Amino acid sequence: MKKLIAFVLALVCVLGLAGCSAQKEYAIRIVVPAGSQGEFFYSDEEISPRKSRLEIKSIDLAEDADFILKPVDETQENAYECTNFPKGEPMLIDVKKGAWYKIGIAMENPTDEDIVVVFHVVNTKIRVR
């Protein structure tokens, strides 16, 4: 009976620790409103890389869209812009570890419906402002 109780407690501990692991990948969504003419639109979420290199990818981004990684803090002047974001391939960007950024895109949407562009970021912290 003692062995059974010890086994159950050990199993509960293992399952509890497995559930406490940090999420590795997040999906960041940006909505491009219907009828937009190519101005920048930003995510509601802010990201903070856990390392000095950010891995980000998107399969939804149009080829003629511009991408920007904009610092949230005004004291940091570097924005990372890219005009040829590799569709479906991860892009590695050297960033300041621990700084907060917003993802932005500039693209046209001549349709009558909003377009949602999804970016996948790896090994970051997320906050919504």
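Keep in mind it's a predicted model, so treat the numbers as computed, not measured.
- Annotation for Asp112: atom CG does not count as buried by contact number, only 12 or fewer foreign heavy atoms lying within 6.0 Å.
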Next item on the list: Begin with the C-alpha distance, continue with both residues' side-chain angles, and end with the deciding distance and a verdict on side chain to side chain donor-acceptor pair (under 3.5 Å) for Ser58 and Asp60.
Entry: CA-CA 6 Å; Ser58 176; Asp60 302 327; 4.8 Å; no

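- Placement of Tyr42 and Val121 in two distinct hydrophobic clusters is found when ILVMFWY residues are connected by side-chain heavy-atom separations under 4.5 Å, directly or transitively.
- Of all the heavy atoms in Ile30 and Ile103, the pair that sits closest is CD1-O, 3.4 Å.
- Pairing each heavy atom of Lys97 with each of Arg50, the nearest pair is CE-O, 3.0 Å.
- Heavy-atom minimum distance, Ala106 versus Gly38: CB-O, 3.2 Å.
- Considering only heavy atoms from C-beta on, Phe119 comes within 4.5 Å of Ile105 through its side chain.
- Counting heavy atoms from C-beta on, the side chains of Arg127 and Val72 come closer than 4.5 Å.
- In terms of hydrophobic clustering, with Ile, Leu, Val, Met, Phe, Trp and Tyr side chains grouped at heavy-atom distances under 4.5 Å, Val95 and Leu92 are assigned to different clusters.
- Atoms NZ and CD, on Lys70 and Glu81 in that order, are 11.0 Å from each other to the nearest 0.5 Å.
- Residues Lys125 and Trp100 come closest through the heavy atom pair O-CZ3, 3.7 Å.
- In this structure, Glu46 CD and Thr124 OG1 are separated by 12.0 Å, a value rounded to the nearest 0.5 Å.
- The shortest heavy-atom contact between Ala99 and Pro49 is O-CD, 3.4 Å.
- Both Ile93 and Leu61 belong to a single network of hydrophobic side chains, linked directly or stepwise wherever heavy atoms of I, L, V, M, F, W or Y lie under 4.5 Å apart.
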Margin query: The test is side-chain contact (heavy atoms from CB on, under 4.5 Å); show your working for Glu89 and Lys57 and say whether it passes.
Written below: CA-CA 6 Å; Glu89 295 293 321; Lys57 70 177 177 178; over 6 Å; no

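- Leu69 and Phe41 fall within the same hydrophobic cluster, where Ile, Leu, Val, Met, Phe, Trp and Tyr residues are linked whenever their side-chain heavy atoms come under 4.5 Å apart, directly or through other members.
- By the rule that hydrophobic residues join a cluster once side-chain heavy atoms approach within less than 4.5 Å of another member, Val122 and Tyr101 end up as members of separate clusters.
- Not one N or O on the side chain of Asn109 forms a donor-acceptor pair closer than 3.5 Å with the backbone of Ser36.
- Here the shortest heavy-atom pairing between Lys96 and Tyr80 reads N-OH, 4.3 Å.
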Next item on the list: Walk me through it: do Asp114 and Val32 pass the test side-chain contact (heavy atoms from CB on, under 4.5 Å)?
Entry: CA-CA 6 Å; Asp114 294 347; Val32 180; over 6 Å; no

Notebook entry, point to check: Stepwise, does the side-chain contact (heavy atoms from CB on, under 4.5 Å) test hold for Ile56 with Phe67?
Noted result: CA-CA 11 Å; Ile56 184 169; Phe67 166 84; 3.9 Å; yes

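- With hydrogens and angles ignored, the 3.5 Å screen pairs a side-chain donor or acceptor of Glu39 with a backbone N or O of Gln37.
- Taken to the nearest 0.5 Å, the CG atom of Leu54 stands 8.0 Å off from the CE atom of Met91.
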